[in-house]
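Just below is one structure, and these are the notes that go with it.
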Amino acid sequence: MINNKTLFKTFIKNDKRFNLKHTLFSGQSFRWTQLEPFKEYYSHIFDNSILLLRDSTGNCIEVLSDTEKINGLSISDYLYRYFTVDIDEKTVFSSKFKTDFPEVWRLVEPYQSVRIMRQDPFEIMVTFMCAQGIGMQLIRRQVSMITERYGQRCVINTEKGEMVFYGFPSPSALATAKVDELALCTNNNRIRAANITAMARSFESGKLALACVASGDCPLETIRETLCAHSGIGLKIADCIALFGLGRFDAFPIDTHVKQYLWEWFGIEAARKSLTEKNYRFLQKEARRILGNEYAGYAGHMLFHCWRKEVKKMTTF
DNA sequence: CTCCAGGCAATTG
DNA sequence: CAATTGCATGGA
């Protein structure tokens, strides 16, 4: 047990029965970590507040926090929104899908316990800009190095010693970062580092027009255009930002894994060809035809995680 | 040494 | 326009 008077303890009712570990390590966030030496806890920092979570008995999530509010909301309200408890996962796949693809459905059904999270837009922008042409291990390493160098350092004391956490850097911290220095955190990739600082400056100056972009009724295509105007952000990354950072569950990012299952599971011929912009858009149309539009991305992520684990037998998150 | 890892941008035809 | 090629880096 973590023994620290500064940590408040609350419970979030988990009547949706989602699997915390699957959700946190399904690859949509590169920042959640399993806590050492308290391995059953998962840690993350929100708005410079430390949260430790673990699955508890009675369909509850146990939350230890060093604050009572996050971004002005109570912990419960914040996590309710963060874990999209308002979304009924049972409706993500249509009954038509289940009858049309019984084999796939049999594999995917357990992955309904994976929830898409509503994460911080800036954090998602940076972390997914780190995620091109590179393995999951290296992505996580980049992200942790960025937080360690540019983020707020937070410490709590436990009976097993001091534990150190780092918050995600503010836009201004990365906007003013020196490219050569930031590149040390991005596998020495200076182009990527420069793209990140440029995007952070744009974000800070309001050019990203996040108020508009984040609003639910903004057309997805407008969001993509706004994001893709930045060097280093293409259609795939833009769709990831929309899905994971802007709560746009209709956004359907296509990467190498999605491309693979579109062919293997759904027999879409075009998925064997390279992902040019035209083909990317075509494949999205095909995916929406099968998955519907409203929750195409939500469903896609369940399929993504299922594909990686059940078919590719991947063990890296 | 080769090939792959959750793509993107510049350059051709 | 649309398709192809270059790129940039670390790890298996």
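Quick note on labels: first sequence line is chain A, next is B, and so on, each numbered from 1. Reckoned from all heavy atoms, side chains included, excluding hydrogens, waters and symmetry mates.
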Determine the Euclidean distance between corresponding P atoms of B:dT12 and C:dA8; express it in Å to zero decimal places.
-> 16 Å
Verify the distance criterion only: is there a donor paired with an acceptor across the side chains of [X] and [Y] at less than 3.5 Å?
X	Y	value
A:Tyr280	A:Asp239	yes
A:Thr276	A:Ser274	no
A:Arg141	A:Asn187	yes
A:Tyr41	A:Glu62	yes

Scoring nucleotides 8-13 of chain B by protein non-hydrogen atoms under 4.0 Å (B base, S sugar-phosphate only, - none) yields SS----
Contact list (N/O, under 3.5 angstrom) for nucleotides 9-12 of chain C vs protein:
unit_1	atom_1	unit_2	atom_2	d
C:dT9	OP1	A:Asn188	O	2.8
C:dT9	O3'	A:Asn187	O	2.8
C:dG10	OP1	A:Asn188	ND2	2.6
C:dG11	OP1	A:Arg141	NH1	2.8

Below 6.0 angstrom between ring centroids: does that apply to A:Trp105 and A:Phe93?
-> yes
Are A:His44 and A:Phe46 close enough that their ring centres sit under 6.0 Å apart?
-> yes
So, for A:Ser29 and A:Met117, which heavy atoms are closest and what is the spacing to 0.1 Å?
-> CB-CE, 3.9 Å
ring-ring contact (aromatic ring centres under 6.0 Å, His included) pairs touching residues 164-183 of chain A, sequence neighbours excluded, are none
Under 4.0 Å from any atom of DNA chain B, heavy atoms only: list the residues of residues 104-131 of chain A that qualify, in numerical order.
-> A:Phe128, A:Ala131
Which part of the nucleic acid, if any, lies within contact of A:Gln260, taking any heavy atom under 4.0 Å across all strands shown: a base, the sugar-phosphate backbone alone, or nothing?
-> nothing
With heavy atoms under 4.0 Å as the rule, sort A:Thr256 into base, sugar-phosphate or nothing.
-> sugar-phosphate
Could you walk me through whether A:Asn189 and A:Gln142 pass the side chain to side chain donor-acceptor pair (under 3.5 Å) check?
-> CA-CA 11 Å; A:Asn189 189 327; A:Gln142 289 179 83; over 6 Å; no
Nucleotide pairing, DNA chain C (Watson-Crick or G-U, distances under 3.5 Å), in dot-bracket with [ ] and | = |||||||.||||
Protein-nucleotide distance ([X], atom [atom1]; [N], atom [atom2]), rounded to Å:
X	N	atom1	atom2	value
A:Lys273	C:dT4	NZ	C1'	14 Å
A:Arg281	C:dC1	CZ	C1'	14 Å
A:Met136	B:dC4	CE	P	18 Å
A:Lys278	C:dC1	NZ	P	13 Å
A:Phe282	C:dA2	CZ	P	15 Å
A:Lys312	B:dC4	NZ	P	11 Å

Apply side chain to side chain contact (heavy atoms under 4.5 Å, CB included) to A:Arg81 and list each qualifying residue two or more places apart in sequence or on a separate chain.
-> A:Arg118
Measure from the side-chain N and O atoms of A:Arg272 to the backbone N and O of A:Gln260, and report whether any donor-acceptor pair falls under 3.5 Å.
-> no
Assess whether salt bridge (Lys or Arg N to Asp or Glu O under 4.0 Å) is satisfied between A:Asp250 and A:Arg248, documenting all intermediate values.
-> CA-CA 5 Å; A:Asp250 52 336; A:Arg248 290 300 297 252; 3.0 Å; yes
Does NZ or CZ of A:Lys21 fall inside the cone over A:Tyr42's six-membered ring, less than 6.0 Å from its centre and within 45° of the axis?
-> no
Tell me, do A:Leu291 and A:Tyr298 make a side-chain contact under 4.5 Å, heavy atoms counted?
-> no
